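Worksheet: one structure, shown below.
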2 protein chains.
Amino acid sequence: MALPDTSQYIPHLAYDSVVFGFSKGKLKILLMEYHATGWYALPGGFVRKAENLEDAVKRGLFERTGLKEIYLKQFHTFGDRSRYQPKVMKTILEANGHAIPENYWMLDRFFSVAYYALIDHEKVTLTPDNLSDSIAWYEIDRLPKLIFDHDKIVQKALQTLRENLDRNLIGGNLLPDRFTMNELQAVYEAILGEKLRRTSFQRKMLSLDILDRHEKLYTGKSHKAPFLYSFKLT
Amino acid sequence: MALPDTSQYIPHLAYDSVVFGFSKGKLKILLMEYHATGWYALPGGFVRKAENLEDAVKRGLFERTGLKEIYLKQFHTFGDRSRYQPKVMKTILEANGHAIPENYWMLDRFFSVAYYALIDHEKVTLTPDNLSDSIAWYEIDRLPKLIFDHDKIVQKALQTLRENLDRNLIGGNLLPDRFTMNELQAVYEAILGEKLRRTSFQRKMLSLDILDRHEKLYTGKSHKAPFLYSFKLT
DNA sequence: TAGAATTGTCTCAAATTGAAACAATAGAAT
DNA sequence: ATTCTATTGTTTCAATTTGAGACAATTCTA
């Protein structure tokens, strides 16, 4: 695998994505682990010269998750000089066995446009890229140390997600098509980091008139079976 | 005035600023008019190679308004290919009497990080830049046609400002240090584009415990004089 | 001194939310 | 079959917030 040259990509510009998933009651994000370094980073990439910014992000997410239709939101662009750490990037590239040319473009200062994505944890097929030997889910409150300012990016993503949760009613993007009210509440609680009142939550969600009610879900548990819901098509 | 060369600036990366002001009951923004073209654009600029992104924006705003302390918020980065219109940029540069070199960097595709600013209309000293023969205030609902996607940038700025208005209590940044409740309400109404209920607005603002009440303002009008308020130091 | 305009506060109803109670139901235990 | 436990969907009542208007106070004019 040859190093990509600069002619294909916009120099100095990258994107990073904070991909949220939900499983076993926990909010999680995707992280890559780079070969032979033990370093973790957000899935990111570069923008081709003839490509829309958002298409570049979708392309990267598709390559790593196999998903084409993804809830995606740009939330901030990071451009502090303190992001510029060419030694870190050099180590990552060299750990992949590359000889790095003088003034190689990937060692330059980069501005990163950050997006967060919400996906159904079950629908994903994870595929590492060339520089990584793994891509995997990590609980949001048990993240390993991340390179560059990626921890700051994650925190800002989470903050923005919380602020947008009610306004945009996006919680359902983390669940399968059909879900119980309890599951939806668990998603809200995981994102907000606090317990919600069951009856108030149910009343609120139903009053918003955004859910369709379907058949009951019989789990075999010895109690009343909950209804399944889906989000109404807008 | 020589053309700037690329060695000083990050290529492909620009910023644009939507500078909001408020006067005579109207919400306004700053626009530049380019020499000899009749074209209008947002005040923007480029980022120096050794400069933080946000510092570049502050530098540009200081040069044009004389203000150092400005409420500034990044809200979106625009990166569609449709922004790429080298002919427009070429015309602007040529209208300033420049001979444009082959492959001149300012004619490349640009990604623009957009910020909005809230300033006290009265504190500003407007100064055009080299390419412009004017910088002036324009009512938000009577804007001239703008180049590139700048109209889209303005709309997105306004939308974000509306969403952040209550959460961040930023309306006061458009007013002098001391203002009447009526003036504050007028700012909110101009931003939201709707009339608010006087009594409810007053009750709400007072209950938030963010205002200090000062002396009355006697305007000579034949009615009860309103109190002056200021925002509490946080 | 009366009048017009505007401000600050209060009142009462309507709507929303907090907190808990209650009835319904699915399966397990007896 | 009956009882029991856990959980769900709904209802109830109080507390809080908001909508809409009334009302008294104040400032200057006529």
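In what follows, chains are A, B, ... by sequence order, proteins preceding strands, each numbered from 1. Quick caveat, the model's predicted, so the values are computed rather than measured.
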At their closest point, which heavy atom of [X] faces which heavy atom of [Y], and how far apart are they?
| X | Y | answer |
| --- | --- | --- |
| A:Glu189 | A:Leu196 | OE2-N, 2.9 Å |
| B:Asn164 | B:Ile170 | O-CD1, 3.9 Å |
| A:Gly25 | A:Ala190 | O-CB, 4.3 Å |
| B:Ala41 | B:Tyr34 | CB-CE1, 3.5 Å |
| A:Leu61 | A:Ala117 | CD1-CB, 4.0 Å |

Original post:
Between A:Thr180 and B:Thr219, which has a closest nucleotide on DNA chain D that is more 5'?
Top reply: A:Thr180
**OP:** Tell me whether the OP1 or OP2 atom of C:dT7 has a side-chain N or O from B:Asn182 closer than 4.0 Å.
**Re:** yes
Original post:
Taking only side-chain nitrogens and oxygens of B:Tyr218, does any of them come within less than 4.0 Å of OP1 or OP2 of D:dT27?
Top reply: yes
**OP:** Confirm from the modelled atom types if B:Lys224 and C:dT7 form a donor-acceptor pair under 3.5 Å, side chain to base only.
**Re:** yes
Subject >> Results of side chain to side chain donor-acceptor pair (under 3.5 Å) for A:Ser112 - residues two or more places apart only >> reply: A:Asp16
Original post:
Pick from B:Met205, B:Lys195, B:Arg198: which one makes a side-chain contact (heavy atoms from CB on, under 4.5 Å) with B:Gln185?
Top reply: B:Arg198
Of the residues in [range], which ones touch DNA chain C at a heavy-atom distance under 4.0 Å?
| range | answer |
| --- | --- |
| residues 193-200 of chain B | B:Arg198, B:Thr199 |
| residues 201-216 of chain A | A:Arg203, A:Lys204, A:Lys216 |
| residues 162-170 of chain A | none |

Starting from [atom2] on [N], measure out to [atom1] on [X] and report it in whole angstrom.
| X | N | atom1 | atom2 | answer |
| --- | --- | --- | --- | --- |
| B:Met181 | C:dG8 | CE | P | 7 Å |
| A:Leu184 | D:dG9 | CG | P | 12 Å |
| A:His223 | C:dA26 | NE2 | C1' | 8 Å |

Original post:
ring-ring contact (aromatic ring centres under 6.0 Å, His included) with A:Tyr188: which residues, sequence neighbours excluded?
Top reply: A:Phe201
**OP:** Compute the centroid of each ring, for A:Phe110 and then for A:Phe148, and state whether the two points are separated by less than 6.0 Å.
**Re:** no
Original post:
Is B:Lys216 atom NZ crowded by more than 12 heavy atoms from other residues, nucleotides or ligands, each under 6.0 Å away?
Top reply: yes
Original post:
CZ of A:Arg167: more than 12 outside heavy atoms within 6.0 angstrom?
Top reply: yes
**OP:** Would you check if B:Tyr229 and B:Leu206 make a side-chain contact, meaning some heavy-atom pair closer than 4.5 Å?
**Re:** yes
**OP:** Compute the bend angle of the helix from C:dT1-D:dA30 to C:dT30-D:dA1 from the end axes (five pairs per end), rounded to 10°.
**Re:** 20°
Original post:
In terms of ring plane angle, is the pair B:Tyr138 and B:Tyr40 parallel, tilted or perpendicular, where the classes change at 30° and 60°?
Top reply: perpendicular
